[in-house]
Amino acid sequence: MTQTARVAINGYGVIGKRVADAVALQDDMELVGVADVMHDYRIRVAVERGYPVHASTPESRAEMEAARIPVAGTLDDLLSRADVVVDCTPKKVGVQNRPRYAEAGVKSIWQGGEKHEVAGYSFVAQVNYEGAVGRDSARVVSCNTTALSRISHALHRHGWVKRVRAVLLRRGTDPWESHENGMINTVIPETKVPSHQGPDARTVLPDLDITTVAGAGPYNLSHIHFAMIETTRPVSLDELRDALWDAPRVAFVRATDGVVALNSVIELMRDLDRPRGDMWEVAVWEDALAADEREVYLTFQVHNEAIVVPETIDCVRALTGIEPDGAASIEKTDAAMGIAKAFLPATTQPVEHLAGAEVGHPGMGAVRAAHVGFRETGFKGSEEPTDPWSV
Ligand SMILES: NC(=O)c1ccc[n+]([C@@H]2O[C@H](COP(=O)([O-])OP(=O)(O)OC[C@H]3O[C@@H](n4cnc5c(N)ncnc54)[C@H](O)[C@@H]3O)[C@@H](O)[C@H]2O)c1
């Protein structure tokens with residue numbers, strides 16, 4: 001068992017570049033290099049960051065060299081120095097690399113564009129980390145499936161979920177390619193019902209009853225989900241809020257703080273100096289939570305470019321076995337990346353409940369203590385006329 005995981009990234013696009021930066025932050029991982037087929041500004045940034053750049057194909061090596069990109073070697077050279085490769089190539093390209101990875105004898109992680117069968121194990125850290133420990137390969141599920149799994153699991157682990165129904169409105173395109181793809185003044189419904197995300201969530205939570213319906217809209221700042229979860233018994237707003245609070249990588253935002261839309265959430269991430277404005281957590285609108293005797297209702301935002309990055313880091317630890325305990329890995333990843341339970345911990349709770357806590361430092365323990373202290377005052381949720389969490 002190795003104590004430092006040597007990690008290679010194949011595909012340095014939206015996901016690959018973020019995974020590379022996250023690997024570089026971990027004290028138990030070494031980024032041995034990245035590989036791609038393009039030679040434009042995107043891979044040049046990897047050179048600026050000091051990441052050894054490799055050519056995934058012979059043709060791309062010639063093009064990179066012609067573009068004066070220093071090429072450290074081929075993909076095979078890179079694989080020979082790695083314990084695990086994270087494939088971040090486009091959908092359906094990744095599966096074609098499977099024989100190459102097997103031949104090199106490296107463990108492999110694919111992303112959600114590939115099917116479950118590519119690895120036979122679909123991964124969301126807080127749901128099924130332990131089952132991936134020591135495996136040769138796994139697939140980190142898509143952004144939407146990751147969010148649905150985190151949220152569903154937060155309730156399902158209490159035995160509360162009878163059936164999840166969710167409506168997903170996906171972003172039309174990613175920012176870097178908005179000049180090529182995208183739409184304006186429309187929303188495109190998916191005609192396949194259920195959309196693939198519901199069945200995909202069952203590759204992570206096999207006994208979850210879930211149906212999803214999806215569409216795509218004319219924006220590029222993440223996805224929004226509206227979920228109606230039929231419960232096995234009446235679940236109160238307090239119980240719902242606590243269950244979400246207890247789930248890693250789920251954080252609250254509130255319209256009463258001015259966080260009223262997808263763009264506000266991303267602006268908040270930028271203001272918090274998140275790299276690239278990334279949000280790794282699922283942002284749940286706390287003031288849009290609702291519950292009745294049959295169902296609970298949630299609205300949440302999924303930053304598609306970022307949410308799978310911490311999952312991928314945990315997956316590296318699981319496959320290589322450098323950390324057998326999922327909770328420990330999640331904690332380590334979150335600390336290294338700055339993943340929070342509260343985005344604005346110094347002001348979102350009344351100051352008196354932060355007494356003795358590290359005001360200004362988003363330490364999870366401090367924020368949780370504040371939350372518990374607050375809840376002990378008898379706050380009953382957003383049905384109260386004045387929300388005392390507002391300052
Ligand atoms: N973009 C998202 O919102 C998002 C979210 C979650 C998961 N994913 C999944 O992550 C994976 C990667 O998606 P992405 O959005 O980062 O794609 P992307 O197009 O941004 O990046 C893919 C990269 O792979 C490179 N590439 C293409 N062919 C290659 C090859 N044969 N060998 C090596 N590199 C090659 C491309 O040049 C590009 O840099 C897909 O499975 C996707 O479904 C994407």
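All ligand and atom numbering here is 1-based and tracks the order in the structure.
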Can a salt bridge be assigned to the pair D83 and K107 using a cut-off of 4.0 Å between side-chain N and carboxylate O?
-> no
With Y219 via side chain to side chain donor-acceptor pair (under 3.5 Å) - residues at least two apart = none
Salt-bridge test for R18 and D21: reply yes if a basic N is under 4.0 Å from a carboxylate O, no otherwise.
-> no
SB check E267 R270 (cutoff 4.0 Å) | yes
Sorted by chain and number, the residues that approach ligand 1 to under 4.0 Å with a heavy atom = N10, G11, Y12, G13, V14, I15, D36, V37, M38, S56, C88, T89, P90, K91, V93, Q111, G113, C143, R171, D174, W176, N304
When Ile, Leu, Val, Met, Phe, Trp and Tyr are grouped by side-chain heavy atoms lying under 4.5 Å apart, directly or through other members, which residues fall in the same group as L78?
-> V32, L75, L79, V85, V95, Y101, V106, W110, V118
How is the hydrophobic cluster of V193 composed, in terms of its other members, when Ile, Leu, Val, Met, Phe, Trp and Tyr link through side-chain heavy atoms under 4.5 Å apart, directly or indirectly?
-> V213
